[in-house]
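The chain is numbered in sequence order, starting from 1.
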Amino acid sequence: MISILIILIFFLFKEIYIKCDKYFKYKISEIIVLNNNKYINQYETKKTTEKLINYSINIENNLDYIKNKLKNIEWIKNIKIKTINNNLKINLILYEPIAYWNDIYMIDVNAKIFYIPKIYQIKNNLPKIYGLKNKQTEILVIYKKINKILEDQRIKIKEFYMKTRYSCKLITNSNIIIEIGNKDKIEKLKNLIIIWPILNKEEIYYKKKIVYIDLRYNYGIAVKYQKLNKFLK
């Protein structure tokens, strides 16, 4: 009888120990952002993570639960959590945006769209891409090809538009509007780059600034200039 009682007490205390252990609170020893992301505020991200983790730990000691909570933060790409002597070491990998998507969201090199509240953004000059919903992968492929061609001439894209029927338009950092159209986009841009130095010389010679280029013609292009004194007022 005594032996049975001892066994019952043992299992009772074991169950209590397991329950207590389950709700044991870890302390956060370190939160590290592994990639050097210059567009997302790391301090604010760490602060938000710490608050979320503290809340999660008070609920239960479950690392999968904590990871799932952190995955709700859209700009966190991956989470690694290590437990060392009842301490949590949290490594965060953030998404790295290459452009804004339709003004509200951001997009990365793999066409992943995510939202970052303004408080977590660092002031930047990222280009803006505008396109149809669920077409970001196709649009980004075309954007990258066009951007590569323009970069060779040190022309930076400020805004890029992909309209219906895949018609493209862009605005450069110097506010030149370039209508590309929906046919032979890459070939037309390559032809524009060939004559780009000539267009620049004409700007200087005639003291005018290029404000609009239309590449939608089967043969040739249209260029619109404005007098420089209009920009100097």
Side-chain angles (χ1 to χ4, degrees), residues 21-144 146-148 150-151 156-162 170-173:
D21 185 61
K22 184 181 177 183
Y23 292 95
F24 188 87
K25 294 180 184 179
Y26 278 106
K27 292 180 181 178
I28 299 171
S29 62
E30 203 170 11
I31 298 175
I32 301 171
V33 177
L34 291 179
N35 55 335
N36 185 22
N37 194 314
K38 59 184 179 182
Y39 302 112
I40 301 174
N41 190 315
Q42 295 187 16
Y43 172 76
E44 291 294 339
T45 299
K46 286 180 182 180
K47 197 164 69 174
T48 299
T49 302
E50 190 169 7
K51 285 179 183 177
L52 190 58
I53 292 297
N54 278 331
Y55 175 73
S56 300
I57 294 167
N58 288 333
I59 295 173
E60 61 179 304
N61 171 25
N62 186 324
L63 298 185
D64 288 332
Y65 178 85
I66 292 168
K67 281 185 179 180
N68 289 333
K69 275 281 185 181
L70 285 176
K71 282 178 182 175
N72 290 330
I73 302 176
E74 284 191 45
W75 60 96
I76 294 180
K77 183 178 182 180
N78 199 8
I79 308 120
K80 294 180 182 178
I81 301 176
K82 291 181 181 178
T83 56
I84 306 168
N85 299 326
N86 297 329
N87 289 316
L88 286 181
K89 185 176 180 181
I90 303 162
N91 291 335
L92 303 175
I93 299 174
L94 310 180
Y95 284 105
E96 295 194 45
I98 62 166
Y100 286 95
W101 173 260
N102 290 336
D103 281 329
I104 300 171
Y105 302 98
M106 284 182 157
I107 187 167
D108 78 349
V109 70
N110 297 311
K112 167 70 178 177
I113 291 175
F114 52 98
Y115 174 71
I116 304 176
K118 293 289 184 185
I119 188 173
Y120 298 102
Q121 294 182 30
I122 295 173
K123 193 174 180 181
N124 61 74
N125 293 314
L126 284 172
K128 296 179 179 180
I129 300 175
Y130 299 89
L132 297 174
K133 188 178 180 182
N134 299 324
K135 294 289 184 181
Q136 65 268 22
T137 302
E138 299 164 67
I139 292 169
L140 195 62
V141 169
I142 296 168
Y143 169 83
K144 286 178 183 177
I146 290 173
N147 191 49
K148 179 67 177 68
L150 296 177
E151 273 184 338
K156 292 185 178 180
I157 297 175
K158 180 180 176 182
E159 296 175 16
F160 180 82
Y161 299 82
M162 177 73 81
L170 64 86
I171 301 173
T172 70
N173 267 14

Least distance between heavy atoms, Ile139 atom then Met162 atom: CG1-CG, 3.7 Å

Glu74: partners by salt bridge (charged side-chain N to carboxylate O under 4.0 Å, His left out), with sequence neighbours left out: none

Apply the test side-chain contact (heavy atoms from CB on, under 4.5 Å) to residues Ile76 and Leu94: give CA-CA distance (whole Å), side-chain angles for both, the deciding distance (0.1 Å), then the verdict. CA-CA 4 Å; Ile76 294 180; Leu94 310 180; 3.8 Å; yes

With Lys47, which residues qualify under salt bridge (charged side-chain N to carboxylate O under 4.0 Å, His left out), at least two apart? Glu44

Please name the pair of heavy atoms, one in Ile104 and one in Tyr115, separated by the smallest distance, quoted to 0.1 Å. O-CD1, 3.6 Å

Please state whether the rings of Phe114 and Tyr95 are parallel, tilted or perpendicular, taking 30° and 60° as the class boundaries. parallel

Check ring-ring contact (aromatic ring centres under 6.0 Å, His included) between Tyr39 and all other residues, then give those that pass, not counting sequence neighbours. none

Just how far is it from atom CG of Leu170 to atom CD of Glu159, taken to the nearest 0.5 Å? 10.0 Å

If you look only at distance, which donor and acceptor atoms sit under 3.5 Å apart when one is on a side chain in residues 123-133 and the other is two or more places apart or in another chain?
| residue | atom | partner | partner atom | Å |
| --- | --- | --- | --- | --- |
| Asn124 | OD1 | Leu126 | N | 3.0 |
| Asn124 | ND2 | Tyr100 | OH | 3.2 |
| Asn124 | ND2 | Ile122 | O | 2.8 |
| Tyr130 | OH | Asp103 | OD1 | 2.7 |
| Tyr130 | OH | Asp103 | OD2 | 3.4 |

According to salt bridge (charged side-chain N to carboxylate O under 4.0 Å, His left out), who are the partners of Lys135, at least two apart in sequence or on a separate chain? Glu138

Output all residues satisfying ring-ring contact (aromatic ring centres under 6.0 Å, His included) with Tyr105, sequence neighbours left out; order by chain, then residue number. none

Residues Asp108 and Lys112: closest non-hydrogen pair is OD1-N, 2.8 Å

Straight-line distance of Leu92 CG to Lys77 NZ, nearest 0.5 Å: 13.5 Å

